[in-house]
Structures are given as C-alpha cells and as structure tokens.
Amino acid sequence: MFKQTLCCTALMTLAMTAQAGDAQISYAITPVMVPEFDLNSGGTADATWMMTSVGVSKALDPQRRIGVNIAASRQDWNFSQPVAWGNVAQPWGTLHRWSVSVPYTYASETGWLYTVAPGVELSSESGA
C-alpha cells in the first residue's frame with residue numbers, strides 16, 4: 001500500500017543548472033507529501049519530506065569533470081495507532097539525512113560517460 005501511495009504522490013522539483021565557462025553550479029529543491037495511508041497491521045501514517053541539493057563541478061579538460069555535491073533531507077512522519085509497533089504513539093518522528101560526494105566523470109571518445117562518486121552520508125532521528 002505504501003508503494004502505491006508514494007507513486008501516486010505529486011512530486012514537484014525545482015532544479016536549476018548554471019554554467020560559466022567550464023564550471024557548473026546546480027541545485028534542486030524537492031518537496032514530497034505522502035497522504036495518509038493504512039498500515040498493513042493496523043493504523044495509519046502520513047509524511048512530508050523536503051529534499052535539497054547543491055553541486056559544483058569543473059571541467060578538467062574536454063573529457064574529464066570533477067565536482068562536489070552536498071545534499072540534505074528532512075522527513076516528518078505522523079502515525080495513528082500503529083499496531084505493528086505495539087501501539088507506540090510515534091515509532092519515529094523526524095528523520096534527517098546529509099550527504100557529501102565528489103563525482104568524477106570521464107567521457108570516452110565513443111560517447112560513453114563513466115562516473116565514480118565516492119561520498120559519505122549521515123542519517124539521524126530527532127531526539128534519538
């Protein structure tokens with residue numbers, strides 16, 4: 001049921017890319033609203049999310065590009081009588097996620113793009 005609800009949720013994304021010479025700056029802001037849905041074991045839940053990201057990249061030469069991407073998101077969950085968790089009022093509430101990555105892209109002469117993006121991520125729950 002959750003997958004169906006999430007698939008039916010309207011997603012609006014504001015994404016922009018600016019290019020100055022060999023440098024690119026991009027950002028995105030994505031709000032997500034998950035309407036109330038039934039939990040399989042009983043009870044209901046709903047959520048709102050806000051996801052943001054910003055990235056900067058620079059061309060090293062015509063075939064190679066390197067950059068830095070930073071992203072953050074916040075999920076606010078609301079539960080009503082979640083039986084699967086023993087009727088705990090709020091199994092979880094506000095979730096946070098932060099990530100930083102360093103993408104490196106190589107464009108082959110045959111048109112293929114190869115990207116490696118090592119990064120780190122931190123996730124947490126408010127009050128946990």
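Heads up: numbering here begins at 1 and tracks the sequence. Being a predicted model, the structure only gives us computed values, none of them experimental.
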The single option from Ser123, Ser124, Ser126 passing side chain to side chain donor-acceptor pair (under 3.5 Å) against His96: Ser126
Minimum side-chain heavy-atom gap [X]-[Y] below 4.5 Å:
X: Arg74; Y: Met51; result: no
X: Val32; Y: Thr30; result: yes
X: Gln81; Y: Thr44; result: no
X: Pro103; Y: Asn69; result: yes

Evaluate the criterion side-chain contact (heavy atoms from CB on, under 4.5 Å) for residue pair Val34 and Asp46; output intermediate values, then yes/no. CA-CA 6 Å; Val34 179; Asp46 65 80; 5.7 Å; no
Should Trp112 and Tyr106 be counted in the same cluster of Ile, Leu, Val, Met, Phe, Trp and Tyr side chains packed under 4.5 Å apart? yes
Among the clusters formed by ILVMFWY side chains lying less than 4.5 Å apart, do Tyr104 and Val68 turn up in the same one? no
Mind running side-chain contact (heavy atoms from CB on, under 4.5 Å) on Arg64 and Thr105 for me, showing each step along the way? CA-CA 6 Å; Arg64 299 178 303 141; Thr105 302; over 6 Å; no
Tell me the closest heavy-atom pair linking [X] and [Y], and the distance in Å.
X: Arg65; Y: Ser57; answer: NH1-OG, 3.0 Å
X: Ala117; Y: Ser101; answer: O-CB, 4.3 Å
X: Pro31; Y: Ile29; answer: CD-O, 3.8 Å
X: Gln90; Y: Asn78; answer: NE2-CA, 3.7 Å

Just do the side-chain contact (heavy atoms from CB on, under 4.5 Å) check on Ser41 and Leu39 with the steps written out, would you? CA-CA 6 Å; Ser41 298; Leu39 299 169; 5.7 Å; no
Value rounded to 0.5 Å, distance of CZ in Arg97 from CD in Glu125: 14.5 Å
Hey, could you give me the OG/CG distance between Ser73 and Leu95, rounded to the nearest 0.5 Å? 8.5 Å
Does the plane of the ring in Trp49 sit parallel, tilted or perpendicular to the ring in Trp77? Use 30° and 60° as the thresholds. tilted
Heavy-atom donor-acceptor pair, Glu121 side chain to Ser99 backbone, under 3.5 Å: no
Begin from the C-alpha positions of Val102 and Ile66 and carry the test side-chain contact (heavy atoms from CB on, under 4.5 Å) through to its verdict. CA-CA 7 Å; Val102 180; Ile66 193 163; 4.1 Å; yes
Taking atom types as modelled, find out whether Asp76 and Thr94 have a side-chain donor-acceptor pair closer than 3.5 angstrom. yes
Would you check if the distance from the ring center of Trp92 to the ring center of Phe79 is below 6.0 Å? yes
